[in-house]
Amino acid sequence: MADGRGLSRRAVLTMGAALVMTAACGTGSGGNGKVKVWHGYTDKEAAAFDKLAARWNTTHPDRQVELVFNGGNDNALQKTLASFASGNPPEVAYQYGSSITGLTGRPQTQDLTEDLRRDAGFGWDDLFPAGREAATVDGKIYGVPALVDNLSLVYNKKLFDEAKIEHPTESWTWDDFRSAAQKLTSDGKFGWAYVNDGTEDTVWRFLALLWQAGGDLLSPDGKKAAFASDAGKQAMQLLRDMAVTDKSVYLDAGDQQYLNLFNSGRIGMLWTGPWDLGSINEDVSYGVQILPGKVTHATIAGPDTFVVFGENGRTNALPFLKWLLSAEVHLEFALETGHLPIRQSEVDLAGYAEFEAKYPGTKVFVDNLAKNVTKSRPNIPQYPKISQVLGTAVQSVLLGQAEPQAALDQARTEVDQVLAGS
């Protein structure tokens, strides 16, 4: 299951990936005395990660790490489970936040609760809440945050000016947003883009709308669906009004064409994350603002985690991860890659101003982490199935194939069956 971020950020190297993964699965830590860290980083992310790992190895000869490209993070969970079956897992594997419940309860996966909470030097509570929640299941910590991001409104300033529309503000409402999208739509141009392939990329934007309307995904006890509410209907109705009635929405098929269209001046607004900023053409003048609101301006975060396996991972790999996530070291990584800060104290460092200057627009995403990331997707084993059901419902509404309440009611019935174990 995708975690809601496009391939533009998590580009997958297809050429040679199978060969690399075969090598990774066929080697163990004992061969060269190094603990293995599986990851899907490519390009500048991989270069920055390699540089930091090399520095660690120079100063920690007794705790050497070896970075191994896993062939792409989209299938990281399946590859990790396969390594369990082969009896040769890595000490650390990068995982999407939505994958962690597939690893908890496994004997290889380490409960790090005491290791992280009792270590005052690590500063668990200094991590942004979204990252902490992604690594925690049933009150126990099974990983450390690898990445924290969220959705904001990215808009083309030139298109707004040409249409004589005031630029988005922090007080923008759904009505303001819909009106702007209508005015931006003409002659093959669209006001907004929505990824409508039915995956988590479709769902997490709907969840932001649901939360903005004051609704929630599940009941407080987590045993029933709660999204087929008045808030859920308002969220679905907005999607139908914009996509079907106004025809102001470009429905992306999951191939991330929305970014090419944004660059060519054919889409006025995106709900996207910091991973797309580096792919916006230099000649495109864009702005970033918090998402429009109804009851709140809630957004949604998509954190990923490093999960630790085996006692050797706890003893020899966890110290590397703690160092990697220290404020000073992670800010170095952020400056090289554009990743958002992992912890609040990074924002207070003297070098943080350089980060904001280098990556215009990121301040809104960072502020969101403290102000507008108020809820998270549940870390429960049933979530992938829930996402699949909701993705189908949202897709049907955007395509005009179902009315909002009917789609919600059908999805509620299916989700309640999933939660009941049927």
Side-chain angles (χ1 to χ4, degrees), residues 1 4 151 153 172-182 185 190-254 269 271 291-300 374-378 380 382-422:
M1 180 185 69
L151 293 173
L153 173 66
W172 246 33
T173 65
W174 283 6
D175 289 339
D176 296 324
F177 174 64
R178 181 184 177 187
S179 175
Q182 287 175 303
T185 300
F190 295 88
W192 187 33
Y194 200 106
V195 178
N196 196 34
D197 60 355
T199 69
E200 180 66 10
D201 221 353
T202 298
V203 173
W204 77 324
R205 290 171 175 84
F206 170 75
L207 291 180
L209 285 166
L210 176 67
W211 296 339
Q212 288 163 15
D216 217 335
L217 179 63
L218 302 178
S219 60
D221 62 6
K223 295 182 179 180
K224 292 283 186 179
F227 53 77
S229 58
D230 184 59
K233 183 178 179 181
Q234 291 179 52
M236 281 288 201
Q237 190 65 51
L238 178 66
L239 293 180
R240 190 186 191 286
D241 288 344
M242 294 181 69
V244 180
T245 303
D246 302 343
K247 296 180 171 33
S248 62
V249 185
Y250 170 74
L251 298 180
D252 190 276
M269 297 181 287
W271 283 23
L291 296 181
K294 185 73 171 176
V295 177
T296 73
H297 290 271
T299 186
I300 183 169
T374 57
K375 296 184 179 183
S376 62
R377 291 167 287 190
I380 56 175
Q382 299 95 329
Y383 183 77
K385 182 59 178 177
I386 293 171
S387 175
Q388 182 181 347
V389 171
L390 262 182
T392 299
V394 174
Q395 188 177 45
S396 67
V397 169
L398 285 167
L399 292 173
Q401 297 171 346
E403 292 296 320
Q405 192 63 61
L408 287 167
D409 289 342
Q410 175 64 31
R412 173 179 57 190
T413 298
E414 294 181 38
V415 168
D416 283 347
Q417 290 173 348
V418 170
L419 294 170
S422 319

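What you see is a predicted model, and the numbers here were worked out from it, not measured in a lab.
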>> Tell me every residue that passes side chain to side chain contact (heavy atoms under 4.5 Å, CB included) with A180, counting only those two or more places apart in sequence or in another chain.
In response: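 In terms of side chain to side chain contact (heavy atoms under 4.5 Å, CB included), with neighbours along the sequence ignored, A180 is linked to F160, I165, W172, M269.
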> What residues form a side chain to side chain contact (heavy atoms under 4.5 Å, CB included) with Q410, not counting sequence neighbours?
Replying inline: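 If we apply the side chain to side chain contact (heavy atoms under 4.5 Å, CB included) test to Q410, skipping adjacent residues, the hits are E414.
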Backbone N or O of [Y] within a donor-acceptor pair of the [X] side chain at under 3.5 Å?
X: S179; Y: D175; answer: no
X: Q212; Y: G293; answer: no
X: S248; Y: M242; answer: yes
X: T202; Y: D197; answer: yes

Reported [atom1]-to-[atom2] distance for the pair [X] and [Y], which is rounded to 0.5 angstrom:
X: Q388; Y: L390; atom1: CD; atom2: CG; answer: 11.0 Å
X: H297; Y: L291; atom1: NE2; atom2: CG; answer: 9.5 Å
X: E403; Y: K233; atom1: CD; atom2: NZ; answer: 9.0 Å
X: Q395; Y: T199; atom1: CD; atom2: OG1; answer: 9.0 Å

> Hey, which of T245, L398, L399 is the one that makes side-chain contact (heavy atoms from CB on, under 4.5 Å) with R240?
Replying inline: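 Exactly one pass, corresponding to T245.
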Looking at every heavy atom in both [X] and [Y], which two are closest together, and how far apart are they?
X: L217; Y: Y383; answer: CD2-CE1, 3.9 Å
X: A393; Y: A411; answer: CB-CB, 4.0 Å
X: A228; Y: D409; answer: CB-OD1, 4.0 Å
X: A407; Y: A402; answer: CB-CB, 4.1 Å
X: L151; Y: T299; answer: O-OG1, 2.6 Å
X: V244; Y: V397; answer: CG2-O, 3.6 Å

> Given the rule in the side chain to side chain contact (heavy atoms under 4.5 Å, CB included) test, do T185 and K247 qualify, once you have shown the distances and angles that lead to the verdict?
Replying inline: CA-CA 8 Å; T185 300; K247 296 180 171 33; 5.7 Å; no
> Which salt bridge (charged side-chain N to carboxylate O under 4.0 Å, His left out) pairs, counting each pair once, include a residue from residues 211-232, with sequence neighbours left out?
Replying inline: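 Pairs touching residues 211-232 that pass the test: D216-K375.
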>> Restricting to salt bridge (Lys or Arg N to Asp or Glu O under 4.0 Å), what partner residues turn up for R178, sequence neighbours left out?
In response: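 Applying salt bridge (Lys or Arg N to Asp or Glu O under 4.0 Å) to R178 gives D241, D246.
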> Residues two or more places apart in sequence or in another chain: which of them pass ring pair (Phe, Tyr, Trp, His ring centres under 6.0 Å) with F227?
Replying inline: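 Not a single residue meets the ring pair (Phe, Tyr, Trp, His ring centres under 6.0 Å) criterion with F227.
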>> Once ring pair (Phe, Tyr, Trp, His ring centres under 6.0 Å) is applied, do any residues pair with W192, and if so which ones, sequence neighbours excluded?
In response: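 Once residues adjacent in sequence are excluded, the partners of W192 under the ring pair (Phe, Tyr, Trp, His ring centres under 6.0 Å) criterion are F177, Y194, W271.
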Would a 4.5 Å heavy-atom cut-off, applied to side chains only, mark [X] and [Y] as touching?
X: F206; Y: L239; result: yes
X: I386; Y: L419; result: yes
X: D252; Y: D201; result: no

>> Before you tell me yes or no, could you show the steps for V249 and N196 under side chain to side chain contact (heavy atoms under 4.5 Å, CB included), namely the whole-Å CA-CA distance, both residues' side-chain angles and the distance that decides it to 0.1 Å?
In response: CA-CA 10 Å; V249 185; N196 196 34; over 6 Å; no
>> Evaluate D416 against T413 for side-chain hydrogen bond (donor to acceptor under 3.5 Å, both in side chains), listing each step before the verdict.
In response: CA-CA 5 Å; D416 283 347; T413 298; over 6 Å; no
